[in-house]
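Single-structure report; data block below.
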Amino acid sequence: MERYDPLKIEAKWQSKWEKEKPFKALEGKEGDGRQKVYLAEMFPYPSGAGLHVGHVRNFTIVDVLTRFYTQQKCNVLRPFGYDTFGLPAENYAIKTGVSPQSATETNINNFRKQAKRLGYAIDWDREINTSDPDYYHWTQWCFLQLFKKGLAYQKESYQWWCPVDKTVLANEQVEGGCCWRCGHEVEKKKMKQWFFKITAYADELLDEIDSLDWPEKIKTMQKNWIGRSEGAEIDFEVKDKKENIKVFTTRPDTLFGATFLVLAPEHPKVKKLVTEKTKSEVEDYIKTAVKKSEIERQENKEKTGVFTGSYAINPATGEEIPIWISDYVLMGYGEGAIMAVPAHDERDFEFAKKFDLEVRKVIEKSENIEDDSLCYCGEGELINSGKFNGVNTADAREGIVFWLESQKIGKKRVTYKMRDWLISRQRYWGCPIPIAYDKNGKPHAIPEDQLPVVIPEVEDYKPDDSGRSALAKAKDWLKVTIDGEEMTRETDTLDGYACSSWYLWRYVSPHDKKHAWDEKAIKYWAPTDIYVGADHAVAHLLYVRFWCKFFADEGFLPFREPIKKLIYHGYINAPDGKKMSKSKGNVIDPLDVINDGYGADTLRTYEMFIGPIELDAAWNPRSVGGVYRFLNRCWTLCFDTEISKKANNIVLRNKTIKKVTDDLHRCSFNTAVATLMEYVNELYKLGAEKDDLVALAKLLKPFAPHLASEMLEKLDSDDEWPIWDEKYLKDETIEIIVQVNGKLRAKISINTDEIDNEEKITALALENENVKKFAGNPKKTIYVKKAHLLNIVA
RNA sequence: GCCCGAGUGGCGGAAUUGGUAUACGCGUUCGACUUAAAAUCGAAUGGAAUCUUCCAUAUGGGUUCAAGUCCCAUCUCGGGCACCA
């Protein structure tokens, strides 16, 4: 018998697949009558290091499902692409002078080669690359649609700025006060920047989350990120000035307890509130507050602030209350101003204590609540609140807002934590924003027939502190004529997340020269049925939903949610349980595992067996060997004719088919592999007939496609997914579990057709010696047919 | 601080709807084959008592005929958010 030689058979099948392209999605009539299934992974950033084991987990999940549905004769779309814009290629260019264009090409070629070495069932004719002008042409087109509708707009404001990468960052890209790419502390810088108005879809993004077949964890994270809260907007008149201050509060019921106002240091009205006496102190405070980094703010939550010198009138009490400024009030949320109710808000309480401001209690908590703190934030009955005395807080929230509305000094208001999406980047290696400015600095869209705006070649990729990208150095490129008028191009590029916000739709018609996506193809294939990834819970996965809703509104997409089912898998860590990293030297290279002789089938099957898909897992080299032994046993079973002998395993076979099929439907890959291992172990003991081996090869194919193909060839069989027959799922006899008071005391065997004969089963159980010992005096019996179990209560 | 998860042998984990806890794999031990080793095949493997029993699913309580699974409290770990008014 020939030995199992994975490297040899994998080369054979891979070259066959390369030639015959069996994974091409069927188009037109060919696909008729078949169920369409559109699967994708979050496409990779092709780094110079090549595939890592995390990619392999990601791609293999998609591959197992792709093959599972393909074997069921579905019409499957499983494309592949590369997310190529970004800092690493640009930083590499700055360091080495190798252009990002050329480094990207090298890396893509390597990624493609490695993905092919893993035997993935990819439709290679649909490859996309976000830095290809044929692709970003349409990213720019998407931008222009948003621009036309006012959903891409410019705003001058304080933004996160990374002093190392010399670019602004979105809120989602600042992690713990540091740049998500280089880890350096970020600063605030006042700049005019481009934004996408994602907040226009806040409610819909929130409301439709519950309908998605996504992990709860991700749904909760998105809900928290959107952070909807209901409350009121209230006008406070400024004493002796023709000015008023709007505040947002979720607790209008506490209005009578508002003893001062606090404005964010960046609040535009601060200038008008200062007096000769307070001016210099206020200006100093603003200067330090703006300079303060996020880290400093987090580390030191001690309240700081200054009095502006002005007073406002509390509309409920008519009293004068001082107006302060403090950095604990954030400009980006609500109105950037609050009414402080120190008796019923922790933060206001701290501030009042520090600056010796009045604390006025307006809520009496009910007696059964144990809370001795001076600041009570719960519910209760109003006191010191004029005509609202005695009203409970929940009713008062309605009542006071109603009163404010009648006085025209306030109204109901909903706010969100989510901000608009900052998309300008002062970097070279990104999609140019298709905008030009006229002499007055007014932005104009580059006409659609002049797209794509191609990235110009430059000599020096280095960004600087000018706040403009290296594109500004391409002097000729900067000039553009629109409608006969000479203009200057925008030099910012788009956040990479913009490029990945629509690629799932490009895949349906990747070579379309006239449209971002083809109308017919999108109707047939999209939305994506299963999307697999390990990151981007809020950023990418929220942006795709936002663009989907926008393009649905514009009539370009016939659906409002882009991803039906999301599989969010865990990371693979080093054998020591720590994150793999070059500096720690604990990186497992998947290509090494293959080339060490294990082959791609073992690697794939191992990563599916490593543990539940949603959890992190640690690499275990010995377990890789265990999976290799399993595949070896499959080989032996099929090719060693001495072991294969006539046997009757029809029940075992049908049970296995059902279990593996069910497990794949619920994405329980580790137990599917375990079931196949059990099956093989049983066949070793019982002997196998041809049908057993055919079933094995077909069920194994999603995990180990090369080996399974070799087996199917030898067995002269197609690969159509096997179907179990209900009538073969039952053995002739059934084991009944007999418990006494819930404890196992005996097992009795009956004929399967006696399963409903509770009387006989009970009688048999009570005859059992061991049962008699424990249940001499049975009170009642409970028979659970479904569980094959009889419990005797004694 | 707030919001989610999770805690099962020496290890990774299984138990899908409340119904035989520890599937499968690793490791370990023994045996077969071999001059020998590797590979392969077979057997055993939660703990304690020792022949069928007791104790075990982070800890303490509860509901139930029956709890890893449900409820309450506590501890530990992981993730997310973090002055969002």
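In what follows, chains carry the letters A, B, and so on, assigned in the order in which the sequence lines appear, proteins first and then strands, with residues in each chain numbered from 1.
Of the candidates B:A85, B:U16, B:A14, the closest approach to any side-chain atom of A:Ser229 belongs to B:A85. The side chain of A:Tyr333 has B:A85 as its nearest neighbour among B:A85, B:U16, B:C65. The side chain of A:Thr671 lies closest to B:A15, out of B:A15, B:C65, B:U53. Nearest nucleotide to the A:Arg629 side chain, out of B:C65, B:G27, B:G19: B:G27. Nearest nucleotide to the A:Asn770 side chain, out of B:U53, B:C83, B:U20: B:U53. When the nucleotides B:G19, B:G42, B:C81 are ranked by their closest atom to the side chain of A:Arg633, B:G42 comes out on top. Distance from the side chain of A:Thr249 is smallest to B:A85 among B:C65, B:A85, B:U53. Closest to the side chain of A:Ala674, from the set B:C24, B:C3, B:A85, is B:C24. When each of B:A85, B:A14, B:U53 is scored by its nearest atom to the side-chain atoms of A:Thr250, the top-ranked nucleotide is B:A85. Checking B:A21, B:C24, B:G27 against the side-chain heavy atoms of A:Leu744 singles out B:A21 as nearest.
Using Watson-Crick or G-U wobble geometry with both donor-acceptor distances under 3.5 Å, B:G1 finds its partner in B:C81. In this structure, B:A6 forms a base pair with B:U76, meeting either the Watson-Crick or the G-U wobble geometry with both donor-acceptor distances under 3.5 Å. In this entry B:U28 has B:A44 as its Watson-Crick or G-U wobble partner, both defining distances falling under 3.5 Å. When both pairing distances are held under 3.5 Å, B:A14 makes no Watson-Crick or G-U pair with any nucleotide shown.
Whole-Å rounding puts the A:Ile610 CD1 to B:A14 P distance at 12 Å. For A:Lys786 and B:G18, the NZ to C1' distance is 8 Å, given to the nearest whole Å. Regarding A:Asp662, its CG atom lies at a distance of 13 Å from the P atom of B:U16, rounded to whole Å. One can place CG of A:Asn620 at 12 Å from P of B:U28, the figure rounded to the nearest angstrom. For A:His267 and B:A85, the NE2 to P distance is 17 Å, given to the nearest whole Å.
Nucleic acid contact class of A:Leu615 (heavy atoms, under 4.0 Å, all strands): none. Using a 4.0 Å heavy-atom distance criterion, A:Asn632 is classed as making no nucleic acid contact. If you check every strand for non-hydrogen atoms under 4.0 Å, A:Phe774 touches sugar and phosphate atoms only. Counting non-hydrogen atoms under 4.0 angstrom, A:Arg745 reaches the backbone sugars and phosphates but no base. Contact annotation for A:Gln739: base contact, defined as any heavy-atom pair under 4.0 Å involving a base atom.
Contact of A:Lys659 with B:U16 (side chain to base): a donor-acceptor pair of N or O atoms is detected under 3.5 Å. In the interface, the side chain of A:Lys779 is not paired with the base of B:C65 through any donor and acceptor atom under 3.5 Å apart.
Remark: A:Lys361 engages A:Glu364 in a salt bridge (charged side-chain N to carboxylate O under 4.0 Å, His left out) (not counting sequence neighbours).
B:U63 sits 16 Å from B:G68 when the P atoms are compared, rounded to a whole Å. Rounded to a whole angstrom, the distance from the P atom of B:C2 to that of B:U57 is 30 Å. Annotation: B:G5 and B:A85 have their P atoms spaced 22 Å apart (nearest Å).
Base orientation for B:G27: anti, the chi torsion being more than 90° from 0.
Between A:Trp421 and A:Tyr497, the distance from one ring center to the other does not fall under 6.0 angstrom. Aromatic pair A:Phe630/A:Phe609: centroids not less than 6.0 angstrom apart. The six-membered or imidazole ring of A:Tyr4 lies near that of A:Tyr628, with a centre-to-centre distance under 6.0 Å.
Screening residues 733-749 of chain A for side-chain hydrogen bond (donor to acceptor under 3.5 Å, both in side chains) gives no qualifying pairs among residues at least two apart or on separate chains.
Using a 4.0 Å cut-off between a side-chain N of Lys or Arg and a carboxylate O of Asp or Glu, A:Asp731 and A:Lys655 qualify as a salt bridge.
In this structure, A:Arg666 does not reach the B:U16 phosphate: none of its side-chain N or O atoms is under 4.0 Å from OP1 or OP2. Between A:Lys223 and the phosphate of B:C81, there is no side-chain N or O to OP1/OP2 separation shorter than 4.0 Å.
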